[in-house]
Engineer: 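Take a look at the following structure, please.
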Amino acid sequence: MSREFDKNMRQLVSEIAANYRQNSILSEYDSSNLADKVEIIEILQELRQLIFPGFFDRKKLSNSTIEYYIGDLLISIEEKLHRQVKCALLHKSHINNEYSDTYLEEQTNEICLKFFKMLPKIQEYITTDVQATYDGDPAAGDIEQIIFSYPGIFAVSIYRIAHELYKLSVPYIPRIMTEYAHNETGIDIHSGAQIGKYFFIDHGTGVVIGETCIIGENVKIYQGVTLGALSTRGGQNLQGVKRHPTIEDNVTIYSGASILGGDTVIGKNTVIGGNAFITKSVPDYTTVSVKNPELKFKNSKPKEFEQEFILDWVI
Amino acid sequence: MSREFDKNMRQLVSEIAANYRQNSILSEYDSSNLADKVEIIEILQELRQLIFPGFFDRKKLSNSTIEYYIGDLLISIEEKLHRQVKCALLHKSHINNEYSDTYLEEQTNEICLKFFKMLPKIQEYITTDVQATYDGDPAAGDIEQIIFSYPGIFAVSIYRIAHELYKLSVPYIPRIMTEYAHNETGIDIHSGAQIGKYFFIDHGTGVVIGETCIIGENVKIYQGVTLGALSTRGGQNLQGVKRHPTIEDNVTIYSGASILGGDTVIGKNTVIGGNAFITKSVPDYTTVSVKNPELKFKNSKPKEFEQEFILDWVI
Amino acid sequence: MSREFDKNMRQLVSEIAANYRQNSILSEYDSSNLADKVEIIEILQELRQLIFPGFFDRKKLSNSTIEYYIGDLLISIEEKLHRQVKCALLHKSHINNEYSDTYLEEQTNEICLKFFKMLPKIQEYITTDVQATYDGDPAAGDIEQIIFSYPGIFAVSIYRIAHELYKLSVPYIPRIMTEYAHNETGIDIHSGAQIGKYFFIDHGTGVVIGETCIIGENVKIYQGVTLGALSTRGGQNLQGVKRHPTIEDNVTIYSGASILGGDTVIGKNTVIGGNAFITKSVPDYTTVSVKNPELKFKNSKPKEFEQEFILDWVI
């Protein structure tokens with residue numbers, strides 16, 4: 001450490017401490033009960049091992065031992081999830097003695113139990129997503145490839161897990177889960193969205209699916225699709241209001257399309273073309289395509305390309 | 001564990017086991033031969049050390065010892081790649097005794113040998129990509145910066161490695177490699193695409209390059225560009241068909257443009273403007289720009305901005 | 001290792017060594033002074049612990065011990081930053097004996113001191129960004145959620161740190177920092193951009209903010225927004241020129257919009273609609289919306305959907 005740094009350090013420490021004290025965002029520095037992201041990611045990894053047996057842990061499983069495999073994983077997941085849910089409830093209630101430990105323990109047990117009861121259904125839904133991906137992608141090759149490396153399946157699986165916790169009003173954890181998937185895949189699905197079976201996201205980077213979306217079965221969407229709100233100027237006043245669209249069964253939405261607004265309904269069996277910008281409902285069995293903006297073509301003689309700066313062309 | 005969870009556990013285990021048995025996607029739970037993602041990423045890291053000596057391992061290398069450096073890395077990469085390729089072939093063939101171990105060993109040796117013979121060419125191509133990035137980006141500063149931190153170079157390097165394995169018909173591994181790059185950079189290049197020298201991707205998030213694309217030399221593309229298929233409703237029936245465009249030499253494609261279809265050819269020295277949506281061929285030496293959708297301007301008096309909700313403006 | 005590989009290895013080693021020697025990009029293989037990405041990420045993590053006390057280290061802090069917490073972190077960060085800055089300066093100057101160690105040490109001390117003096121201001125700015133995010137997002141729930149899991153805050157925090165190092169002309173490190181954020185979030189903010197307080201990026205995947213952007217206070221932008229250059233054909237010749245737009249106070253820019261060019265100024269209190277493509281200045285208090293490209297609607301009778309190939313619809 002340089003002498004100058006040493007001399008300035010006391011000053012720096014006080015300034016930062018003053019920031020902590022003056023700023024309400026920073027002042028509550030007892031975060032010992034905040035959720036632990038690392039353990040939440042471990043829970044997701046073990047759930048993935050449970051849902052797709054043998055794919056992510058390289059164990060050789062057999063019919064006669066499979067119950068032990070499931071049991072072991074369930075015990076490990078339950079222990080971690082119980083700890084994280086209790087932490088989250090404790091932190092959210094900002095309590096010390098407001099709720100008794102017994103009360104929190106009961107709440108946590110109830111949430112965990114309800115979540116685990118949903119696991120077979122979560123698994124069933126995710127296998128339909130894998131099937132839809134295989135059916136929809138000529139480059140897929142085989143099912144293993146999809147489970148093992150497709151970002152769409154990764155993000156949708158995590159969304160399906162987080163969604164059950166969201167429905168149980170668990171604070172923090174659903175968002176941490178879906179932001180982990182967002183981080184890994186560029187696919188941002190809010191845990192509050194409702195999504196039916198056989199959901200397929202191809203490529204996926206840039207996809208945004210808002211909190212109050214309702215999506216039917218057999219829906220297929222591509223990279224860069226936004227299912228969003230019309231305007232969020234209302235900020236916190238809009239909490240809970242349906243701000244995002246409804247997409248009915250068998251709809252396909254091509255890349256870059258935006259569908260906005262809580263009253264917008266895309267009817268069954270409809271196809272939305274790439275880059276379409278839609279703020280009103282579309283009836284069933286419709287193909288919506290964008291009449292593309294006119295393109296201008298300018299032929300350039302080769303010699304013009306020898307100039308170093310070609311700044312005059314209008315993008 | 002709560003008593004309730006304990007009581008429900010037996011039931012839960014049977015339900016999940018039943019899911020495994022009933023669902024063909026989950027039923028083949030001998031995945032002990034599945035490729036190991038962690039080791040595949042290690043192979044990529046060591047290949048990067050080999051291609052850019054000293055950049056990623058902080059070793060001090062000298063002219064007289066450089067052969068040992070190369071030799072050590074090659075031996076380590078070969079050992080890992082051999083294991084992974086054999087695993088992938090074994091898993092793909094779903095065999096136990098169908099093919100002899102000798103046969104698989106021979107196939108694996110042949111693939112590895114052919115791959116390693118291509119390494120100097122892969123390295124040469126990647127250095128042209130670095131050069132193209134330097135030449136094209138005013139913010140680049142220097143070559144080290146590009147090798148060390150540009151996502152475009154990261155994704156293209158991994159694509160070039162994966163593409164050679166794809167050409168040798170190695171299952172699983174090429175996709176795992178390119179999805180790793182997709183995950184790290186948001187750039188999704190299918191290992192089947194054919195891409196010439198001096199390729200430059202700037203920023204890159206959201207770029208999608210499909211399996212049957214053919215891209216010439218000196219091509220430059222920006223974030224959000226899709227080189228995709230016109231429609232993939234055909235699903236698995238379209239496997240192998242040329243579904244993605246051909247981009248000839250010296251083409252620049254600006255951000256957000258989509259070029260779609262297997263018969264679409266973008267001729268030499270052509271410039272495609274931002275957000276263009278192109279489904280037909282474009283001749284050589286053309287500048288294509290989008291006649292932008294008309295913009296509407298509405299002046300708002302300052303006081304209107306004091307209202308909390310401004311929901312009436314049409315996006 | 002197979003016998004064939006063994007036989008070919010000598011040949012392969014020479015070819016790769018020849019590539020190193022012939023190619024100027026690869027020839028300078030003394031990279032022992034290159035910046036260490038892992039340690040730079042550790043610096044960022046410790047700075048985050050300092051800025052948001054207790055959030056990322058799960059320590060129970062109290063008013064009476066908080067100074068020790070700050071002091072400990074500062075010492076640890078200073079040690080690492082000092083090492084990395086000195087490395088970067090040494091590598092940039094390509095020296096052996098050109099500058100004395102004393103000179104480099106002095107430069108490094110000065111840079112570190114200036115950087116640390118800016119820390120309280122960096123912290124203050126980042127808390128305004130958290131506030132803006134809370135105010136702007138109906139799905140936010142609470143402040144903890146934002147600090148803990150929002151990618152926009154992650155990327156903007158790292159940008160604010162990197163920007164101070166950029167202003168001090170530190171080579172390599174600012175870019176490594178912002179590319180780390182880009183990698184984690186899909187948000188690509190160049191460390192050279194100038195950004196005012198209360199900055200809010202929602203969702204964020206695909207956002208690109210160029211080196212010479214100037215952004216005022218209270219600006220809000222959505223996923224897929226590009227603040228870019230009009231054309232970068234000039235390559236290295238454009239280094240240092242203002243190529244990216246100016247965005248004044250209280251501007252909102254919706255998803256997918258592109259604003260391009262160094263002379264483009266978006267005036268105060270203006271709203272830019274989704275997907276707008278803007279290359280000219282817009283006055284204060286304006287709402288710019290795209291008159292959307294005409295949509296074509298085609299009704300399809302249900303039976304047509306039974307055909308396996310629907311290739312004829314125009315996207």
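We name chains A, B, ... by the order of the sequence lines, and we start the count at 1 in each one. Excluded from the calculations below are hydrogen atoms, water molecules and symmetry mates; all remaining heavy atoms, backbone and side chain alike, are included.
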Engineer: Can you name the residues that form a ring-ring contact (aromatic ring centres under 6.0 Å, His included) with B/Phe116, not counting sequence neighbours?
Structural biologist: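 For B/Phe116, the residues satisfying ring-ring contact (aromatic ring centres under 6.0 Å, His included) (neighbours in sequence not counted) are C/Phe5.
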Engineer: With chain C, which of B/Ser149, B/Gly256, B/Gly186 has the greatest number of heavy-atom pairs at distances under 4.5 Å?
Structural biologist: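 Most pairs with chain C among the choices: B/Ser149.
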Engineer: Checking heavy atoms, do the side chain of C/Asn183, its backbone, both or neither come under 4.5 Å from chain B?
Structural biologist: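 Looking at C/Asn183, backbone and side chain both touch chain B.
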Engineer: Under 4.5 Å heavy-atom distance to chain C, tell me which part of B/Ile51 shows up: side chain, backbone, both or neither.
Structural biologist: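 Backbone only.
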Engineer: Under the 3.5 angstrom rule, does the side chain of C/Lys242 hit a backbone N or O of C/His244 as a donor-acceptor pair?
Structural biologist: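 Side chain of C/Lys242 to backbone of C/His244, a donor-acceptor pair under 3.5 Å: yes, one is there.
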Engineer: Residues in side-chain contact (heavy atoms from CB on, under 4.5 Å) with C/Arg10, at least two apart?
Structural biologist: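 C/Arg10: no side-chain contact (heavy atoms from CB on, under 4.5 Å) contacts found.
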Engineer: Checking B/Glu79 against chain C: side chain, backbone, both or neither under 4.5 Å from a heavy atom?
Structural biologist: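 Nothing of B/Glu79, per the 4.5 Å heavy-atom cut-off to chain C.
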Engineer: C/Asn19 and C/Glu15: side-chain donor and acceptor closer than 3.5 Å?
Structural biologist: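 No donor-acceptor contact under 3.5 Å links the two side chains.
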Engineer: Tell me whether the NZ or CZ atom of B/Lys121 lies within the 45° cone about the ring axis of B/Tyr125 and under 6.0 Å from its centre.
Structural biologist: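 Because its charged atom sits under 6.0 Å from the ring centre and within 45° of the axis, B/Lys121 does stack over B/Tyr125.
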Engineer: Using non-hydrogen atoms and a 4.5 Å limit, figure out which bit of B/Leu74 sits close to chain C: side chain, backbone, both or neither.
Structural biologist: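 When you check distances to chain C, atoms from both the backbone and side chain of B/Leu74 fall under 4.5 Å.
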Engineer: Judged by modelled atom types alone, do C/Asp249 and C/Asn218 share a side-chain donor-acceptor pair under 3.5 Å?
Structural biologist: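 Not at all, the side chains of C/Asp249 and C/Asn218 share no donor-acceptor pair under 3.5 Å.
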Engineer: Considering only heavy atoms, which portion of B/Gln131 lies under 4.5 Å from any heavy atom of chain C: side chain, backbone, both, or neither?
Structural biologist: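 Contact with chain C involves both backbone and side-chain atoms of B/Gln131.
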Engineer: Heavy-atom cut-off 4.5 Å, strictly under: side chain, backbone, both or neither for C/Val282 against chain B?
Structural biologist: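 Contact with chain B involves the side chain of C/Val282 alone.
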Engineer: Looking at B/Thr133 and B/Phe200, would you say the former's side chain and the latter's main chain have a donor-acceptor pair under 3.5 Å?
Structural biologist: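 Not confirmed, B/Thr133 side chain does not pair with B/Phe200 backbone.
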Engineer: Quick check on the interface: out of B/Val130, B/Leu50, B/Thr108, who has the most heavy-atom pairs with chain C under 4.5 Å?
Structural biologist: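 Highest number of heavy-atom pairs under 4.5 Å: B/Leu50.
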Engineer: Name the region of C/Val208, side chain, backbone, both or neither, that has any atom closer than 4.5 Å to a heavy atom of chain B.
Structural biologist: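 For C/Val208, the side chain is the part near chain B, not the backbone.
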